[in-house]
2 protein chains.
Amino acid sequence: MSKADDSLHRRPDLRAARPVPSLQGITEMAARDRAYHDLRYRILMGRLAPGTTLLETELAGLLNLSRTPVREAVIKLAEEGLVEVRPRHGVTVKPLTVKDVADILDIFSALEVRAVELVARIGLPATEWRQLERLASDMERETARGDIAAWSELDDEFHAHIVALCGNDRLQEALGACWGQQYRARLCIVPLRPSPVQSDLEHRGILEALKLGDSALARLRHQQHRDRADAQQLHLLKSHLGTNGMA
Amino acid sequence: MSKADDSLHRRPDLRAARPVPSLQGITEMAARDRAYHDLRYRILMGRLAPGTTLLETELAGLLNLSRTPVREAVIKLAEEGLVEVRPRHGVTVKPLTVKDVADILDIFSALEVRAVELVARIGLPATEWRQLERLASDMERETARGDIAAWSELDDEFHAHIVALCGNDRLQEALGACWGQQYRARLCIVPLRPSPVQSDLEHRGILEALKLGDSALARLRHQQHRDRADAQQLHLLKSHLGTNGMA
DNA sequence: CTTCCAGACAATGCATACATTGATTCAACA
DNA sequence: TGTTGAATCAATGTATGCATTGTCTGGAAG
């Protein structure tokens with residue numbers, strides 16, 4: 001049995017829940033994964049703009065690899081919904097329409113609400129609860145300072161941390177995939193966001209429900225949190241970008 | 001624009017929601033997809049028993065293909081959770097533990113409830129409603145006749161049909177993946193199932209809520225339906241198979 | 001007898017070669 | 001001038017070859 005296997009079930013693995021781009025230690029990975037992470041990173045960060053079309057050969061050249069691992073990476077990205085492969089036209093970085101984001105958020109929301117419900121049912125270890133409290137406080141501090149970007153990072157971490165405790169690896173992984181898809185949309189509305197006072201309040205409410213172990217309450221509160229936050233996100237997207245494709 | 005593209009948004013595509021194994025027209029597919037569908041079929045139908053381990057080369061020989069398309073198919077199956085690849089030990093058909101099934105059903109349930117809610121919100125076209133009514137009636141007939149297998153098929157179709165109307169392709173696709181994963185578990189408890197009178201009643205209730213366009217009611221009823229049905233399925237699995245891996 | 005090390009072997013991961021097939025262009029005919 | 005057809009070309013999908021690397025076995029030493 002490998003080390004990776006048993007470590008998987010001891011501490012919550014944040015990376016699985018938070019596929020926020022990161023390229024550390026990318027050199028020691030297999031070529032296929034390097035290609036995957038590299039391309040994903042470029043797409044999510046906007047360095048590969050939506051609509052960009054490249055041939056498999058060009059991608060291989062770009063990454064200094066042969067077509068085989070690049071191809072496998074591209075297939076994975078396509079299944080994840082980040083690119084589209086049209087058999088003789090190359091792979092295109094998918095633009096996200098508002099409808100796309102709405103669809104993604106629908107899935108994301110349904111899954112995350114369930115995850116929170118599960119966490120409440122399992123019960124939140126004291127250590128984790130303290131960590132989450134700390135994150136909530138940090139967010140409130142950033143709200144006060146008006147640093148929305150920092151707040152947003154912490155928000156990601158907060159949600160991911162809860163999800164990582166749900167005990168359902170598949171659920172966590174599915175959420176990771178959704179996360180990646182909505183990341184670009186999230187990025188581009190960060191500067192437009194109003195002060196997240198309401199979210200901070202709701203986070204406290206969710207934490208309280210989790211601490212109580214009241215799964216129905218946690219479920220309800222998180223559902224409301226997401227409904228409101230998603231509606232806001234969609235509203236911002238719609239009003240500032242029209243309904244066409246975008247980053 | 002290709003034919004497949006616009007047809008996708010006209011009529012509900014049941015295949016996407018119902019990845020029930022089927023191998024028709026498999027000869028005219030690309031090798032990669034042939035490999036994928038063929039292997040998936042064999043796994044889901046139990047012709048490749050859980051625990052079976054094969055080398056890439058052996059699989060290629062089995063399907064009369066080279067390693068490349070087989071490899072891509074295997075990667076897809078692995079992402080879907082049906083097989084596990086251990087780098088120098090071959091690919092193993094994953095056994096499903098009760099915990100696995102519980103995890104899968106958790107996701108499935110969360111997503112399907114959301115899908116039903118969406119359908120209620122969108123509104124159910126009269127044509128579709130009539131189709132669903134017909135399916136419900138057919139199920140009731142099978143219940144009366146005591147043909148659980150036939151009932152189960154219809155139940156699949158009923159659920160898939162509703163999901164296909166939710167207007168969220170990604171959601172539908174995600175449900176398809178879950179479906180595949182729980183299929184084996186479902187298969188092996190079919191003969192153990194009690195008469196599904198309760199499900200028939202609940203189906204009527206869901207249809208009613210859908211007809212009314214009451215999304216909250218639809219959501220509630222479907223949630224209850226799934227909770228009960230899933231619990232029953234898990235109970236049957238647990239009591240008749242122990243907690244170890246199985247088909 | 002058990003454990004550790006070294007060497008051989010074989011499966012995979014990557015690279016590359018090849019064939020298929022669809023797109024594009026140019027020309028001819030209506 | 002517009003449309004249709006064929007021919008060429010190039011990108012992908014598949015096959016195969018090669019090198020890396022992990023595993024397993026056998027032997028020796030503690």
Side-chain angles (χ1 to χ4, degrees), chain A residues 1-8 23 25-41 43 48 51-94, chain B residues 1-7 23 25-40 48 51-80 82-94:
Chain A
M1 199 180 306
S2 79
K3 254 184 191 171
D5 281 339
D6 48 2
S7 75
L8 226 149
L23 288 180
I26 206 176
T27 51
E28 64 204 20
M29 296 168 61
R32 180 192 7 176
D33 300 314
R34 232 171 41 224
Y36 170 74
H37 286 291
D38 194 339
L39 290 177
R40 182 182 157 107
Y41 178 79
I43 293 169
L48 241 52
T52 308
T53 295
L54 290 167
L55 266 20
E56 284 187 1
T57 319
E58 296 175 300
L59 283 172
L62 186 67
L63 304 176
N64 277 328
L65 289 169
S66 83
R67 276 179 48 222
T68 310
V70 171
R71 191 180 156 73
E72 288 173 0
V74 163
I75 290 175
K76 204 169 170 187
L77 290 170
E79 277 166 10
E80 211 172 319
L82 289 175
V83 302
E84 183 182 6
V85 301
R86 283 181 312 162
R88 307 228 155 224
H89 295 263
V91 317
T92 305
V93 180
K94 265 206 206 171
Chain B
M1 198 182 307
S2 79
K3 254 184 190 171
D5 283 338
D6 48 1
S7 75
L23 287 182
I26 206 175
T27 52
E28 63 205 22
M29 296 168 62
R32 178 193 6 173
D33 300 314
R34 232 172 41 224
Y36 169 74
H37 286 290
D38 194 337
L39 290 177
R40 182 182 156 105
L48 241 50
T52 309
T53 294
L54 291 167
L55 267 18
E56 284 187 2
T57 318
E58 296 175 302
L59 283 172
L62 187 67
L63 304 175
N64 276 328
L65 289 169
S66 84
R67 276 179 48 223
T68 309
V70 171
R71 190 178 157 74
E72 288 174 0
V74 163
I75 291 176
K76 204 169 169 187
L77 290 169
E79 279 166 10
E80 211 172 318
L82 289 175
V83 303
E84 183 182 6
V85 301
R86 281 180 313 162
R88 306 224 157 228
H89 296 263
V91 315
T92 306
V93 179
K94 266 207 204 167

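Chain letters run A, B, ... following the sequence lines, proteins first and then strands; every chain starts at 1.
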Taking atom [atom2] of [N] as reference, at what distance in whole Å does atom [atom1] of [X] sit?
| X | N | atom1 | atom2 | result |
| --- | --- | --- | --- | --- |
| B:Glu56 | D:dT14 | CD | P | 15 Å |
| B:Arg88 | D:dA19 | CZ | C1' | 10 Å |
| A:Asn64 | C:dC14 | CG | C1' | 14 Å |
| B:Glu72 | C:dT12 | CD | C1' | 15 Å |
| B:Glu58 | C:dA10 | CD | C1' | 12 Å |
| B:Arg32 | D:dT12 | CZ | P | 12 Å |
| B:Leu63 | D:dG13 | CG | P | 19 Å |
| B:Arg86 | C:dA10 | CZ | P | 19 Å |

- prompt: Do you know which of B:Leu63, B:Val70, B:Leu65 makes side chain to side chain contact (heavy atoms under 4.5 Å, CB included) with B:Arg34?
  reply: B:Leu65
- request: Can you spot which of A:Val85, A:Val93, A:Leu39 makes a side chain to side chain contact (heavy atoms under 4.5 Å, CB included) with A:Leu77?
  value: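 When A:Val85, A:Val93, A:Leu39 are each tested with A:Leu77, the side chain to side chain contact (heavy atoms under 4.5 Å, CB included) holds only for A:Leu39.
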[X] side-chain N/O to [N] phosphate OP1/OP2 under 4.0 Å:
| X | N | result |
| --- | --- | --- |
| A:Arg71 | D:dG13 | yes |
| A:Ser66 | C:dA15 | yes |
| A:Arg67 | C:dC14 | no |

field: Shortest non-hydrogen contact from B:Pro69 toward B:Ala35
entry: O-CB, 4.4 Å
query: If you look at every heavy atom in A:Arg86 and A:Thr92, which pair is closest and at what distance?
result: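 It is NH2-OG1, 4.4 Å.
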query: Between A:Leu65 and B:Thr57, which is nearer to the 5' end of DNA chain C once each is assigned its nearest nucleotide?
result: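 Its nearest nucleotide being more 5', the pick is B:Thr57.
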message: Using heavy-atom distances to pick each residue's nearest nucleotide on DNA chain D, tell me which of A:Thr68 and A:His89 is more 5'.
response: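 The answer here is A:His89.
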